[in-house]
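Worksheet for the structure shown next.
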Amino acid sequence: MIKVWNYLDEYEAEKAEIHEAIDEVLNSGWLILGTHVKSFEAEFAGYHDTKHGIGVANATDGLFLSLRALGIGKGDEVITVSNTAVPTVSAIVATGATPVFVDIEEDSFLMDVNKIANVITNKTKCILPVHLFGQCVDMVSVMAIAKRNNLKVLEDCSQSHGAEYKGKKCGGIGDASVYSFYPTKPLGGYGDGGIVLTNDEDIKAKLLKLRFYGMEKTYYSVDAEGYNSRLDELHAAILRKKLKHLDSYIDKRRYIAEVYTKELESTPLITPNELEHNKHVYYVYVCRSQKRDALLAQLKEKDIHLNISYPWPIHTMSGFKDLGYKEGDLPITEKAAKEIFSLPMYPYLAEKEYRFTIEALKELT
C-alpha cells in the first residue's frame, strides 16, 4: 500500500536519536516546561530568524492565544482564507471575533492579496495569511495593507517550516507566527505540539502568561485570562533532535517534487506552481484534475491511497453557516476544492513508491 504519508521508515532511521531524547527527559526529573522546551524555543526561533519562541500544546491553541495576545476579541474581524484546515478559522471564532474570507490565487492556492482591501471595515483588526501547502503568501503586500490600515498580522505557518519568501524564512514578517508539529508536518513530532514565534517582547510576555493559567510564577495568577497550553518536554526533546535534520528533510521533499513535476509534465494534470519569490518546502504536493474523483478511485484499485487537502472550503461547511456565506461567494476556492489532490510526499518516501505512483498517473490520465 502506498500512502500520502508514513512515519515508520523515518522512525526506523532516527530511532536511536529519538530514544536518546526520551531517555534524557525521563532521567532528568523534570517533565513540564523544562530545559528542552526552553532550548527548543530558542533554537526553532533562531532557525527562523526571530527573537522569541513560545511552545504551546498545538497550533490551534497557538493561533487562538496569539489572537488574544494581539488584542483580538468579540466584535472584531479577522481576514483569512477558506481553503485551510478548520483550526485556522475555529481559532478566530473561539476569540469571539468573526472570520472574513477572501478568495485565492488560482495558480498557487494562496490568499489573493489584491482582494484584501475590498473586505476591510472599521471592525477589521487583523490579517491572517495561511502559508498553505509549504509556500508563502505575498507578505510585502500584506504588510503594506496592514500598515496603511493599522492592522495586526498573524502568519499561519503550520505547513511551511523552513519555507522562504524573498530569501527570508517565513514566520518572522508579521507580528507573530504559528507553527504546528503535528506528525505529518515538515518538522513533525510524535503527537501534537506547536509554537508561536515573535520579535515583539510584549507579545511574548502575554503569551507566556496565557499558556500557563495567567501566571508569571507558580500558583499565582496575575491575569484572569489564562489557559493550559504547553509544549511537552518529551516532544520538545524529540523536536530538538529532528530540527537538525529539517534542511535535509526539505531538500528531499524538493527533490521528490522536482521528479513529480518533470515526469508528469506530459500528462493533463496541473502540477504545483512555485512562485518566483518563494522557496517551496512541499508539505504536500498538490495536483489538479477535473476528473479527480474518478482518478482517485482508479488509483485506489492499484493500492495507491491519496488525499485531498481540503475537499470542503470552510465557508461551505454547516458548522460555519452562521458566518453567512454561500456557495459561489469564493469561486476560485470552490473550483480548486473540486479538483485538488495530494501525491505521496515525505522525506523517507521510497523511490520505488513515487515512481510507481507516477507511472500509474501516466497510465490513467
How far does [atom1] of [X] sit from [atom2] of [Y], to the nearest 0.5 angstrom?
X	Y	atom1	atom2	value
T316	L323	OG1	CG	11.5 Å
L275	C136	CG	SG	9.5 Å
L151	C126	CG	SG	8.0 Å
N114	I145	CG	CD1	7.5 Å
S160	Q135	OG	CD	10.0 Å
I308	E339	CD1	CD	11.5 Å

Hey, are [X] and [Y] close enough for a salt bridge, meaning a charged N less than 4.0 Å from a carboxylate O?
X	Y	value
E106	R288	yes
K241	E20	yes
E17	K242	no
R240	E41	no
D202	K206	yes
K279	E274	no
E225	K209	no
D112	K115	yes

Would H52 and E201 satisfy side-chain hydrogen bond (donor to acceptor under 3.5 Å, both in side chains), going step by step from the backbone distance to the final call? CA-CA 8 Å; H52 310 297; E201 292 283 349; 3.1 Å; yes
Tell me yes or no: between the side chains of [X] and [Y], is some donor less than 3.5 Å from an acceptor?
X	Y	value
H315	E334	yes
N122	T124	no
Y283	T184	yes

Under 3.5 Å donor-acceptor, [X] side chain and [Y] backbone:
X	Y	value
E233	H36	yes
S82	I314	yes
N27	E24	no
S248	H245	yes
D232	L234	no
R253	P347	no
N199	K51	yes
T267	L264	yes
D103	I332	yes
R230	G55	no

[atom1] ([X]) with more than 12 external heavy atoms under 6.0 Å:
X	atom1	value
K147	NZ	no
N150	CG	no
K168	NZ	yes
Q290	CD	no

Taking the side chain as every heavy atom from C-beta outward, state whether [X] and [Y] have any pair of such atoms under 4.5 Å apart.
X	Y	answer
F341	L296	yes
I116	M111	yes
L295	R292	no
P344	Y354	no
N58	Y182	no
E12	L8	no
M139	V153	yes
D107	E105	yes

Could you walk me through whether K326 and D329 pass the salt bridge (charged side-chain N to carboxylate O under 4.0 Å, His left out) test, one step at a time? CA-CA 6 Å; K326 63 183 185 303; D329 286 343; 3.1 Å; yes
Compute both the distance and the angle, then confirm whether K169 meets the cation-pi test with Y47: under 6.0 Å from the six-membered ring centre, within 45 degrees of the axis.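 Yes, K169 and Y47 form such a contact.
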Aromatic ring centroids of [X] and [Y] under 6.0 Å?
X	Y	value
H277	Y165	yes
Y7	W5	yes
F133	Y282	no
F101	F320	no
Y227	F64	yes

Could you go through F40 and F181, starting from their C-alpha distance and side-chain angles, then the distance that decides it, and tell me whether this counts as ring-ring contact (aromatic ring centres under 6.0 Å, His included)? CA-CA 12 Å; F40 177 70; F181 301 123; 5.3 Å; yes
Assess whether side-chain hydrogen bond (donor to acceptor under 3.5 Å, both in side chains) is satisfied between S158 and D156, documenting all intermediate values. CA-CA 6 Å; S158 296; D156 187 340; 2.8 Å; yes
Hey, which of L67, D76, L70 is the one that makes side-chain contact (heavy atoms from CB on, under 4.5 Å) with K125? D76
Start with the C-alpha gap between H131 and E155, add the side-chain angles, then the distance that decides, and say whether side-chain hydrogen bond (donor to acceptor under 3.5 Å, both in side chains) holds. CA-CA 7 Å; H131 301 313; E155 298 177 69; 2.8 Å; yes
Going by the angle between their ring planes, with limits at 30° and 60°, are H161 and F44 parallel, tilted or perpendicular?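 Because their plane-to-plane angle is over 60°, the rings of H161 and F44 count as perpendicular.
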What class does the angle between the rings of Y260 and Y285 fall in, given that below 30° is parallel, 30 to 60° is tilted and above 60° is perpendicular?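 Answer is tilted, since the angle falls between 30° and 60°.
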Would S221 and Y213 satisfy side chain to side chain contact (heavy atoms under 4.5 Å, CB included), going step by step from the backbone distance to the final call? CA-CA 7 Å; S221 179; Y213 311 112; 5.7 Å; no
Check step by step if side chain to side chain contact (heavy atoms under 4.5 Å, CB included) holds for L330 and V81. CA-CA 9 Å; L330 302 172; V81 290; over 6 Å; no
Path from F109 to Y310 over hydrophobic side-chain contacts below 4.5 Å: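 Linked within one cluster.
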Between K204 and L208, is the side chain to side chain contact (heavy atoms under 4.5 Å, CB included) condition met? List the steps. CA-CA 6 Å; K204 173 195 171 186; L208 288 174; 3.9 Å; yes
